[in-house]
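To keep things clear, I will list the structure first and then write my remarks on it.
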Amino acid sequence: MARIAGINIPTNKKVFIGLTYIRGIGPKVASDICDKANIPSERRVNELTDSEVIQIREIIEGNYKVEGELRREVSTNIKRLMDLGNYRGLRHRRGLPVRGQRTHTNARTRKGPAKSIAGKKK
């Protein structure tokens, strides 16, 4: 079991798929990391040597924001928008969709479960 950026990478998966379990690393970045570390795409995580795991870890720490650092940056960006009081910050504060989606119907992910209104007539 390889441990990179505080995440246990599944051993039976290919390396570039296993790297996507780390927050902030998608398929493209994972394949770039494998190319920089000269690891073939067919290689599985349990076939990695200790030196290759260390090399992957160094590449990620040096070039990418992942996990806690990324979460911190995103949350500070949202807090900054809320403190500025601009439109996007207000939408975050109210728990409504931020990027212009409709709210008359849908938007249940942001608004939570529907609240019934007693005695509403149609």
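Note that the numbering runs from 1 along the sequence shown for the chain. Keep in mind it's a predicted model, so treat the numbers as computed, not measured.
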Can you list every salt bridge (charged side-chain N to carboxylate O under 4.0 Å, His left out) pair that touches residues 79-105, not counting sequence neighbours?
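Those involving residues 79-105 do not exist here.
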
Which pairs count as salt bridge (charged side-chain N to carboxylate O under 4.0 Å, His left out) when at least one residue sits in residues 11-28, sequence neighbours excluded?
Lys28-Asp32

With a cutoff of under 4.5 Å between side-chain heavy atoms, which Ile, Leu, Val, Met, Phe, Trp and Tyr residues group with Ile54?
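None; Ile54 is a cluster of one.
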
Can you list, by chain and residue number, the hydrophobic cluster partners of Val98 when the side-chain cut-off is 4.5 Å?
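Besides Val98, the hydrophobic cluster comprises nothing; the residue is isolated.
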
Roughly how far apart are Leu84 CG and Leu90 CG, rounded to 0.5 Å?
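With rounding to 0.5 Å, CG (Leu84) is 10.5 Å from CG (Leu90).
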
Looking at CZ of Arg72 and CD of Glu67, how far apart are the two atoms once the value is rounded to the nearest 0.5 Å?
11.0 Å

For [X], side-chain contact (heavy atoms from CB on, under 4.5 Å) partners two or more places apart:
| X | value |
| --- | --- |
| Glu47 | Arg43, Arg44 |
| Glu61 | Arg57 |
| Val66 | Ala5, Ile22, Ile25, Ile60, Tyr64 |
| Thr49 | Ser51, Glu52 |

Side chain proximity check, [X] to [Y], heavy atoms < 4.5 angstrom:
| X | Y | value |
| --- | --- | --- |
| Ile56 | Leu48 | yes |
| Tyr21 | Pro10 | yes |
| Gln101 | Asn106 | no |

Report the residues that fulfil side chain to side chain donor-acceptor pair (under 3.5 Å) with Asn8, sequence neighbours left out, ordered by chain and then residue number.
Arg3

Glu73: side chain to side chain donor-acceptor pair (under 3.5 Å) partners, not counting sequence neighbours:
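With neighbours one apart ignored, the set is Lys65.
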
Tell me which donor-acceptor pairs under 3.5 Å the side chains of residues 108-115 have, and how far apart each pair is, sequence neighbours excluded?
from	atom 1	to	atom 2	distance (Å)
Arg108	NE	Gly112	O	2.8
Arg108	NH2	Gly112	O	3.2
Arg110	NE	Leu96	O	3.2
Arg110	NH2	Leu96	O	3.3
Lys111	NZ	Thr103	O	3.2

Verify the neighbour count for atom CG of Asn12: are there more than 12 heavy atoms of other residues, nucleotides or ligands below 6.0 Å?
yes

Of the non-hydrogen atoms in Phe16 and Ala30, which two are nearest, and what is the gap between them?
O-CB, 3.2 Å

Closest approach of Ile39 to Val15 (non-hydrogen atoms, all atoms of both residues)
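Between these two residues, the closest heavy atoms are CG2-CG2, 4.2 Å.
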
Examine Ile9 and Ile59 and state if one hydrophobic cluster contains both, with Ile, Leu, Val, Met, Phe, Trp and Tyr joined whenever side-chain heavy atoms are less than 4.5 Å apart.
yes

